[in-house]
Number of protein chains: 2
Amino acid sequence: MRGNINPFTSSEFALLGFLYEKPTHGYDLHKLITDPDGIGLIWNVKMSNLYAYLDKLDKKGFIHGTMQPGDAHPTRMEYQITAEGKSAFEEWLKSIVLHPRDFRQEFMLRYFFLLKYQPDNINSLCNKQHQECTKWLGNTTLQSSHVPIEEKFRNSIFQFRVTQIGAIIQWLEWIKSQTN
Amino acid sequence: MRGNINPFTSSEFALLGFLYEKPTHGYDLHKLITDPDGIGLIWNVKMSNLYAYLDKLDKKGFIHGTMQPGDAHPTRMEYQITAEGKSAFEEWLKSIVLHPRDFRQEFMLRYFFLLKYQPDNINSLCNKQHQECTKWLGNTTLQSSHVPIEEKFRNSIFQFRVTQIGAIIQWLEWIKSQTN
DNA sequence: GCATAGTATTCAATAATTGAATATCGTAAA
DNA sequence: TTTACGATATTCAATTATTGAATACTATGC
């Protein structure tokens with residue numbers, strides 16, 4: 001893809017999120033990120049991909065790798081998060097999701113790391129996201145109301161969106177009820 | 001991606017779906033597929049991608065392109081669907097979606113072409129899909145019930161899935177109520 | 001007759017993804 | 001003790017996907 005100025009993917013934030021805790025190398029990061037009770041529930045990251053993401057994060061300046069000559073293990077590259085990476089992660093962690101289609105993975109990822117590092121901020125982010133979702137619902141309902149009944153396809157699409165957003169809001173409320 | 005034996009993407013079925021009606025060339029297909037009241041509501045296909053998909057479909061034997069020397073237009077390649085492509089499309093059109101995350105685009109695409117070519121079969125597909133979704137819901141609810149309450153993340157993920165599947169089922173019922 | 005928008009396709013550059021290759025270490029059986 | 005095997009750890013070339021821009025022709029209005 002030409003001229004694509006590194007739009008950050010969530011897998012990359014996931015890596016950053018684990019490195020936020022402590023310096024780790026690729027192989028161990030892979031174990032962390034594929035934990036079937038953790039990120040593994042929402043993502044499927046392959047080893048060779050993961051190494052590519054690490055390179056990308058390194059080039060971006062968010063992490064920094066240093067060679068660890070092997071005494072009890074093969075030579076490996078230990079990555080540690082930089083100040084820039086740290087603040088990027090923290091910013092990301094308080095940012096809301098801007099489009100329904102991204103919610104499933106994007107919000108869950110934030111939720112995972114909030115549980116891990118800042119459980120006290122869960123409520124606050126859920127509230128902000130709830131507001132955003134309510135906005136989505138309003139816009140979509142409005143658009144939906146302008147569609148003539150004959151236009152079955154367009155109508156059904158909007159109806160679907162409304163239902164989906166409703167489900168997201170319902171879930172956010174469930175989370176808040178659990179957190180308090 | 002090495003050794004990837006052409007897993008068909010839905011955009012390709014969308015093209016096949018338009019060619020099912022009549023032979024068309026890339027530029028016009030693009031107009032059809034980006035119609036903001038049609039597939040454009042669920043998909044965003046770029047020109048240069050579209051031409052690549054056409055190549056792929058051609059190599060696969062689902063469509064066949066012939067050069068149309070230009071009298072009133074630049075030379076263009078008109079594609080027509082083959083017998084094999086036709087039956088692949090028909091099979092696809094009656095197949096259900098197998099994973100919730102694909103529902104949004106996959107089911108809508110089938111719905112679009114059902115409205116266009118086989119409105120009488122909408123109810124039948126919705127019923128089959130409804131059954132499948134009910135299965136999803138059962139499985140997910142069951143899995144969810146085995147998660148200890150302390151495992152907040154896993155629990156929330158399952159809760160989300162249940163809510164999502166519920167929304168899909170609700171929408172399917174709405175569609176059925178509209179179609180009758 | 002000339003600029004401009006629309007028609008129609010191709011392409012080289014870049015990015016993403018993959019499976020396999022490489023190499024080291026621990027350990028348990030033969 | 002050697003050898004076989006699975007776990008550790010990373011790299012790479014091949015393939016596929018995606019992009020913006022380039023090319024070229026036609027129609028239309030001014």
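Per chain, numbering begins at 1; letters A, B, ... match sequence-line order.
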Can A/T24 and A/Y79 be counted as having a side-chain donor-acceptor contact under 3.5 angstrom?
-> no
Would you kindly give the NE2-to-C1' distance between B/H30 and C/dT10, to the nearest whole Å?
-> 15 Å
Considering just the side-chain nitrogens and oxygens of B/N49, establish if one lies under 4.0 Å of OP1 or OP2 belonging to D/dT19.
-> yes
Quick one: A/L29 CG to D/dT10 P, roughly how many Å, whole number?
-> 9 Å
Rounded distance (Å) that lies between atom C1' of C/dG26 and atom OH of A/Y27 | 13 Å
Charged N-O contact under 4.0 Å between A/R110 and A/E106 | yes
What is the distance from CZ of B/R76 to C1' of D/dT23, rounded to the nearest Å?
-> 18 Å
Candidate nucleotides D/dT18, C/dT10, C/dT17, ranked by approach to the side chain of A/A52 - the nearest | C/dT17
A/H25 side-chain proximity, nearest of C/dA16, C/dT10, D/dA9 = D/dA9
OP1, OP2 of D/dT16 versus side-chain N and O of B/K56: anything below 4.0 Å?
-> no
Over how many whole Å does the gap from B/L50 atom CG to C/dT9 atom P extend?
-> 10 Å
Round to the nearest Å and state the distance from B/E12 atom CD to D/dT16 atom C1'.
-> 12 Å
Using 30° and 60° as the class limits, which term best fits the ring planes of B/F113 and B/W92: parallel, tilted or perpendicular?
-> perpendicular
Do any side-chain nitrogens or oxygens of A/K46 fall under 4.0 Å of OP1 or OP2 in C/dT17?
-> no
What is the distance, rounded to the nearest whole Å, between atom CG of A/L54 and atom P of D/dC12?
-> 15 Å
Out of C/dA8, C/dT18, C/dT10, whichever nucleotide has its closest atom nearest the side chain of A/S48 = C/dT18
Between B/M47 (CE) and D/dT23 (P), how many Å, whole number?
-> 18 Å
Please check if the distance between the ring centroids of A/Y117 and A/Y20 is under 6.0 Å.
-> yes
Any donor-acceptor N or O pair under 3.5 Å, side chains A/Q170, A/W174 = no
Tell me whether the OP1 or OP2 atom of C/dT17 has a side-chain N or O from A/Y51 closer than 4.0 Å.
-> no
